[in-house]
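Before any comments, here is the structure.
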Number of protein chains: 2
Amino acid sequence: MEKQTVTIYDVAREAAVSMATVSRVVNGNPNVKPATRKKVLAVIERLDYRPNAVARGLASKRSTTVGVIIPDVTNIYFASLARGIDDIAMMYKYNIILTNSDDAGEQEVNVLNTLMAKQVDGIIFMGNHIDDKLRAEFKRAKAPVVLAGTVDPQGDTPSVNIDYAAAVEEAVTALIKRGHEKIAIALGPLSQSINAEYRLAGYKRALNKAKLPYDDSLVYEAGYSYDAGTKLQPVIADSGATAVFVGDDEMAAGIINASVESGISIPDDLEVITSNDTIVTQITRPAITSITQPLYDIGAVAMRMLTKLMNDKELDEKTVTLPYGIVRRASTKSAE
Amino acid sequence: MEKQTVTIYDVAREAAVSMATVSRVVNGNPNVKPATRKKVLAVIERLDYRPNAVARGLASKRSTTVGVIIPDVTNIYFASLARGIDDIAMMYKYNIILTNSDDAGEQEVNVLNTLMAKQVDGIIFMGNHIDDKLRAEFKRAKAPVVLAGTVDPQGDTPSVNIDYAAAVEEAVTALIKRGHEKIAIALGPLSQSINAEYRLAGYKRALNKAKLPYDDSLVYEAGYSYDAGTKLQPVIADSGATAVFVGDDEMAAGIINASVESGISIPDDLEVITSNDTIVTQITRPAITSITQPLYDIGAVAMRMLTKLMNDKELDEKTVTLPYGIVRRASTKSAE
DNA sequence: CAGTTTGGTGTAATCCATTGCAAAACACTC
DNA sequence: GAGTGTTTTGCAATGGATTACACCAAACTG
């Protein structure tokens, strides 16, 4: 017993009007006589008619669907952006096709092509690195692309971010002011521009302004995970650094716990500042001082921009920079 | 300068064959002479033709898209399931339309209807409670539905879970064996069957078997969040309970931190066991003993079941129960 | 009151593929 | 070379909407 589908044609017949009129009623086109509208709506109600979005998409060339590429949904940072994206998308009646890319270039390109095949009206891309191949794909795409929480040093693609370099600079400068001279920095892969070209640059700038020497051996590269942090901690301890800036909250949590366990007092022996202000920063003991970012808003603003682009409107600014802050918790000493 | 689209018709013309043949080549239909196939593939390559998935969906009545309803992507528990779902979906060439429901019945129904309008081939539903309204919608849907990490006490809908009641019973029994007589239980809303009909039932069973009295006032209802945990902690402390089972990891983290801060020693004064073994359980100090669940697999198995249903195959079992475990960490004393 | 707008509705083309059926092409057999 | 059986291929219907265009009727204009 196949579940049969009610089509616009059925409605037209029952209501004794043409398909065009039914379509107008469904789409809220004002050029329909109120009496006709009422009659059609009654039939729609009676037959429980629901427009087929696929057919609609084919005819109108708009799928009211946007593609979202995310490195990993289980990463709280990106998941928070995704939440902002979805909420705004829903507000504008768009749906989200969400796909994990694992930050892998090849996979990103693949996914992008699948999304284009599905005729998404736009794409929001999240990732840690944009390379030429990706840029080329973005150009090739018929749909607009917006980057969320993702930097493209070349700035071709519209994007929403905070000023990572300035945030790191401010955080590190605060450490310097408290007298630290050996400040380590633990980041994700330096092959990713967010780390190499923004965070590290901010760190260098802070050192520079304070006329402190930049020392390669205080720069650490690790994975974005708790375990990576615990493994990295002894190395940092050996370096003699008295403070560390960390590029990922889970990594920072790993460093904190491993430090405490090996008898290092935080913040007395080592001050720690991290980057994303996720819930993790409140759970550790001591809790972690962090750069704060409007995560939800980064996603939300990116989606708002995308809706504009999808409707062929101009963007006020192509590269949006939202404000960041720094929230002090117990992993750093109070400023004097 | 409109970006023009290459259609199957263009390919057919250029290759001097019919659309049907092109379609066969694209879909890997074996009834094509190798020479023809090669010729068509060459043209496809040259024109950079990519099939329009929407048109394909309309003609074939399959969208190769599945809907996924999730309470909140930023919840690590559900996000982990989603990751399993997406990986398997991708393996079977399906895409995921992901939508947040906030666990709100009305929103869930809405979203379900939108997904059906988009002609998804199947739906994976995650949530904390299934009511009659939802069950009715599931029946009405033309596409199969599978529940992931979500119980339906009536068991109409295929689902993948662990045996929550047994897990809680085992955890609480272990506490009882260590001599606890006043064991509190902190859960999410009791209006949700996972809490009222499974976790609480397991708790009662454990007490029952040990002939301990069941005391209403040791049952706490709170939100699934860190803050809810910190707020709940003083109440638990006042109850005189010497151990507590918690239904959510973030809530447990809140209870732990608030306890430690108010001078309560964990596990000496209060033992804590939680439910989901997310990364949070490793980050707190003490780390939290937890029921372990194969989160990724719950999602993955659910998606596998859905692919079977979408291809009209029979399910071996409709209600799949995956194994759980209990991992001891520092928030409980070692068993003697 | 003829002439022009405007409003409401229908006709039919279009969107881009899939697919059942029929025909053509080819290979064999006797 | 006719007859039979397979492969290949094409024709054309189909899926369920949107939308340009045409048309008629009602309302307005001077």
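Predicted, not measured: the structure shown is a model, and the values here were computed from it. All values below were derived from every heavy atom in this structure, side-chain atoms included, with hydrogens, water molecules and symmetry-related copies excluded.
Straight-line distance from the CG atom of Leu58(A) to the C1' atom of dT18(D): 10 Å, rounded to whole Å. Here dT18(D) presents its P atom at 11 Å from CG of Asn29(A), a figure rounded to the nearest Å. Rounded to an integer number of Å, the gap from Asn52(A) CG to dG16(D) P is 7 Å. When the P atom of dC15(C) is taken as reference, atom CG of Asp10(B) falls 11 Å away, rounded to whole Å. In this structure, OH of Tyr49(B) is placed 7 Å from C1' of dA17(C), rounded to the nearest angstrom.
Sorted by first and then second residue, the pairs that involve residues 95-111 of chain A and meet salt bridge (Lys or Arg N to Asp or Glu O under 4.0 Å), not counting sequence neighbours, are Asp102(A)-Arg83(B). Residue pairs meeting the salt bridge (Lys or Arg N to Asp or Glu O under 4.0 Å) criterion with at least one partner in residues 109-118 of chain B, sequence neighbours excluded, do not occur; the list is empty. Listed by first and then second residue, the side-chain hydrogen bond (donor to acceptor under 3.5 Å, both in side chains) pairs involving residues 297-315 of chain B are Arg62(B)-Asn311(B) (not counting sequence neighbours).
Under a 3.5 Å cut-off, the side chain of Thr36(A) and the backbone N or O of Val32(A) do not form any donor-acceptor pair. Using a distance-only test at 3.5 Å, with no hydrogens or angles considered, no donor-acceptor pair links the side chain of Thr74(A) to the main chain of Ser80(B).
A 4.5 Å side-chain heavy-atom check between Val320(B) and Asn161(B) finds every atom pair outside the cut-off. Looking at heavy atoms from C-beta onward, Leu115(B) lies out of side-chain contact with Phe125(B) at the 4.5 angstrom threshold.
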Counting primed atoms, P, OP1 and OP2 as sugar-phosphate and everything else as base, the B/S/- map of nucleotides 6-11 of chain D against protein heavy atoms under 4.0 Å is --SBBB

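Taking side-chain N and O atoms only, Tyr9(B) has no distance below 4.0 Å to OP1 or OP2 of dT18(C). A sub-4.0 Å separation between OP1 or OP2 of dT18(C) and a side-chain N or O of Asn27(B) is present. Checking the phosphate oxygens (OP1, OP2) of dG16(D), no side-chain nitrogen or oxygen of Arg56(A) falls inside 4.0 Å.
When the shell of 6.0 Å around CD of Gln154(A) is examined, it contains more than 12 heavy atoms from other residues, nucleotides or ligands.
In this structure, Thr7(B) reaches the sugar-phosphate backbone alone: every heavy-atom distance under 4.0 Å involves primed, P, OP1 or OP2 atoms, never a base.
For the ring pair (Phe, Tyr, Trp, His ring centres under 6.0 Å) test, no residue two or more places apart in sequence or in another chain qualifies with Tyr77(A).
Contacts between residues 60-67 of chain A and DNA chain C, defined by a heavy-atom separation below 4.0 Å, involve Lys61(A), listed by number.
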